[in-house]
Amino acid sequence: MKIKTLVKSLGLGAIAAAALLTAGCNKECDTAGAQQAAAQEQQSFKWKLVTSWPKNFPGLGTAPERFADMVNEMSAGRLTVKVYGAGELVPALQVFDAVSQGTAEMGHSGAYYWKGKTPASQFFTSVPFGLTAQEMHGWIQYGGGQQLWEEVYAPFNILPMPGGNTGVQMGGWFNKEINSVDDLKGLKMRIPGLGGEVLKRAGGTPVTLPGGEIFTSLQTGAIDATEWVGPYNDLAFGLYKVAKHYYYPGWHEPGSMMEFTINKPAFERLPKDLQAIVRVAAQAINQDMLNEYTTRNHAALVELKEKHGVDVRAFPQDVLNKLKVLSDEVVTEVSASDELTKKVYESFKNYREQVKAYHEVSEQAYINARD
Ligand code: CA
């Protein structure tokens, strides 16, 4: 048995471990390195994780809590993560700054909220008429997306990791019927990111509001419509109480990926094994959230319809066609913001074309066949 393994299996303390490692060293052995490694294995870290969601909000808020539990357990308490809801340590839309400056070591949010910092960030949540959850995860993990994302966040001292996916969202809650493109004119709607820009070109007024302010804004008439996530989350906010019509599909967010943001110097201070734990836990949560939404969204939709009498309806095809034309315009224009955004867009666009062709004969063909 190797000495290091023996040390671990015996659960020896730092001093005893270092002594044993020193005693076992031969000429090739780096005593100082071994002592350092043993000391690091005993060192513990306490991290703060700030989020853009109400504390423990279903799905979005419980994902970082699960992440924290997982990291705590896998590291045997050497890395403990304390999760803060929106406004507890910093406001919902200051998560990025807090992590960038090191006020918190980690954040959980959506990249598209940071379009004012860097336009390229918008490609890392969801793009109108863009990738589904499955496709997004493919692009990030195997299609070059992760490397580009790290490049986009590098000037901010932030390391990003996928942090969950809601799947295809709903089109949103409206206080009037949308029967034609003209009905979007003058519509004041809470819709962030590129979807908001598309609405603007269709004649509407997009508003960005954190989740916690949506219900009241809709209730007081400050906004006429809102998108949020999907049945599971929209039910939790009680949006059916303040809007009449629930439209689908969420053309603007076909597979919204959340993000974990990590302060880079804080990450680099962790020993390698704790870094690996953070990476693996983030990846597990990314899949876990999608699985949860897949299961709970349809149950919540049944409840909205049957218990609360919600009017669920599809956007008319000509409205979707118009939104698609405008979306392509907006996304192409955003891609010209700077060289890096262009590079991200090219990668994203190529991946979408390839995966779309494949999914026509796989996912899409199968779902059509099953129906
Ligand atoms: Ca949304």
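Since the model is a prediction, treat every value here as computed from it, not as a measurement. Atoms within each ligand, like the ligands themselves, are counted from 1 in listed order.
- Between Tyr153 and Phe96, the ring planes are perpendicular. Angles over 60° get that label, and only those under 30° would be called parallel.
- The residues Glu292 and Arg66 are annotated as salt-bridged, a charged nitrogen and a carboxylate oxygen being separated by less than 4.0 angstrom.
- Note: Tyr240 and His308 have parallel aromatic rings, judged against thresholds of 30 and 60 degrees for the angle between ring planes.
- The Ca ion (ligand 1) has an N, O or S atom of Trp228 inside 3.0 Å of it.
- Taking the Ca ion (ligand 1) as reference, the nearest N/O/S atom within Glu253 carries the name OE2.
- When ring centroids are compared, Tyr247 and Phe174 come within the 6.0 Å threshold.
- Coordination check, Gln169 versus the Ca ion (ligand 1): passed, since an N/O/S atom of the residue sits under 3.0 Å.
- When distances from the Ca ion (ligand 1) to the N, O or S atoms of Glu227 are compared, OE1 comes out shortest.
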